[in-house]
Protein chains: 2
Amino acid sequence: MNVHSFLLSLSYQIKHMVALSKSDIKRNALINATIKLVISNGFHATPMSKIAKEACISPGTIYLYYKNKQDLINNVYLHVKQKFTQAIFQNYTNNTPVEESFKIIWYQIADYRLKEVAEALFLSHCDNTPIIDDESRKEGIKHLQPLLDLWERGQIDGIIKKACPYVLYAYAVYPLAFLINAKQRDDYELTDESKEQAFKMAWDSIKITEHKS
Amino acid sequence: MNVHSFLLSLSYQIKHMVALSKSDIKRNALINATIKLVISNGFHATPMSKIAKEACISPGTIYLYYKNKQDLINNVYLHVKQKFTQAIFQNYTNNTPVEESFKIIWYQIADYRLKEVAEALFLSHCDNTPIIDDESRKEGIKHLQPLLDLWERGQIDGIIKKACPYVLYAYAVYPLAFLINAKQRDDYELTDESKEQAFKMAWDSIKITEHKS
DNA sequence: TTTTTAAAAATGAATGTTCATTCATTTTTA
DNA sequence: TAAAAATGAATGAACATTCATTTTTAAAAA
């Protein structure tokens, strides 16, 4: 590849990046503004005008991207949910032993929530509140399938308790949301050590306990 | 006790009940209306006029009982929180063995949430949302002290893991909130059997695992 | 017991503000 | 230079809160 064609392809790539960005930059700014304001004020207490200001665009522009306020929040929810599930399954392959797989996914969840605190709070907010349409909410749950499959595999192997996915999720994953919330609101600190401890507790709760013979 | 004095005391009691009720009936109607509407619409999407209508009083009357909308929600939150903690510790005495004590309290929590579904959803809503003032929120946490003390006792006895109260709470109590939410929203059913299973998972997560010798 | 009366409680229409959404105009793009 | 994108002031609806008026209460007087 000579210099000329390299520069040509580079300029094309940059142009293409910019072209992609055009509206995507705005869309991202909008999403982040929504998340930020919703977690600190609540959805209905956050005016569109403030979201617009935070995203450095005009209120009218929001309506070029989303039909209305409800459509905005549904889409932001789905976007975050997708990013979340994308992040947590990235290192997972389904031929790894169950406990190790679970550990990998669990740590991905913990690390995602610790890194993307705002998004984590936003998800908690949406999941405990009637602001999201039922349809979008159902859509958001689907993405967890690989984890449910993993649990089923564990159950077949006699490693994981025969509880339904809701119960397993409640003990193995949901507590993390509480810890992140506490970390934000109170003075609780989630160190590497307590993360390890929290994982052990998650695993202890869903694994089948071996009895002393 | 003769008939006369019986009737006298009865009329006194009724009068006293009615006397107590006067504003208490309204206050209760107001609280229940708020809970009902907040869990189905969210706080900021619930107008005072609707709360008033649901409680069968006039919008203006609310302001005789509460300073403003924020004051109303703070008070409802504290009221429910108090009722909750009152309910869950009612059979607890601190000279019962740790595991049994925990089981008693845990089942009280589960049963309260199953019976008072609206209140349970309301608490989830408030605890994951910025609608409650920090001050009221802090006030609401205090009431859990007996449970924290129990855990400390368990830690001293070497029965319960040496995790901080936040972590213990996240695994031993918080998952119940998820299960109740799921029960409401989805088709998940919480039977006596799965309740037992959930308790076992809660206990398995916080107890110290004995190693095979 | 019935009537009177002043205080307390409750009412709901009116007020002023906030906000979602629109659209005529301006700016940017290619 | 025409089409596309963005703007932000204007509109109308919704809502929290107020307060002049009405209703209820219960104690005092008849």
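Throughout, a chain's letter reflects where its sequence line sits, starting with A, and its residues are numbered from 1. In this text, all values refer to a predicted model and were calculated from it rather than measured experimentally.
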Counting side-chain heavy atoms from CB outward, which of [options] is closest to [X]?
X	options	value
B:Asn68	C:dG12, D:dG8, D:dT17	D:dT17
A:Pro59	D:dT7, D:dG8, C:dT11	D:dG8
B:Pro47	C:dC19, D:dC15, C:dA10	D:dC15
B:Lys69	D:dT17, C:dT21, D:dT7	D:dT17
A:Met48	D:dT7, C:dA20, C:dT11	C:dA20

Just by distance, do the side chain of [X] and the backbone of [Y] share a donor-acceptor pair under 3.5 Å?
X	Y	value
B:Glu54	B:Ser49	no
B:Tyr166	A:Tyr188	no
B:Thr129	B:Cys126	no

NA contact type, A:Tyr66, heavy-atom cut-off 4.0 Å: base, sugar-phosphate, or nothing?
nothing

Categorize B:Ile62 for me: base, sugar-phosphate, or nothing, with a 4.0 angstrom heavy-atom threshold over every strand shown.
nothing

Regarding B:Lys69 and the six-membered ring of B:Tyr63, is the cationic atom NZ or CZ under 6.0 Å from the ring centre and inside 45° of its axis?
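No, B:Lys69 does not lie over the aromatic ring of B:Tyr63.
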
Take the angle between the ring planes of A:Phe199 and A:Trp203 and call it parallel below 30°, perpendicular above 60°, tilted in between.
parallel

Without decimals, in angstroms, what is the distance between [X] [atom1] and [N] [atom2]?
X	N	atom1	atom2	result
A:Leu30	D:dT7	CG	C1'	15 Å
B:Gln70	D:dA16	CD	C1'	13 Å
B:His44	C:dT18	NE2	C1'	13 Å
A:Asn41	C:dC19	CG	C1'	14 Å
A:Lys50	C:dT18	NZ	P	10 Å
B:Lys53	C:dA10	NZ	P	20 Å
B:Leu64	C:dA7	CG	P	18 Å
A:Ile73	C:dA20	CD1	C1'	15 Å

So which nucleotide does [N] pair with, by the Watson-Crick or G-U wobble rule with both distances under 3.5 Å?
N	value
D:dA26	C:dT5
C:dT25	D:dA6
D:dA14	C:dT17

Run B:Tyr65 and B:Asp71 through side chain to side chain donor-acceptor pair (under 3.5 Å) and show every step you take.
CA-CA 9 Å; B:Tyr65 291 82; B:Asp71 188 44; over 6 Å; no

Check the phosphate of [N] against [X], side-chain N and O only, distance under 4.0 Å to OP1 or OP2. Yes or no?
X	N	result
B:Tyr63	D:dC19	no
B:Lys26	C:dA10	yes
A:Ser49	C:dC19	no

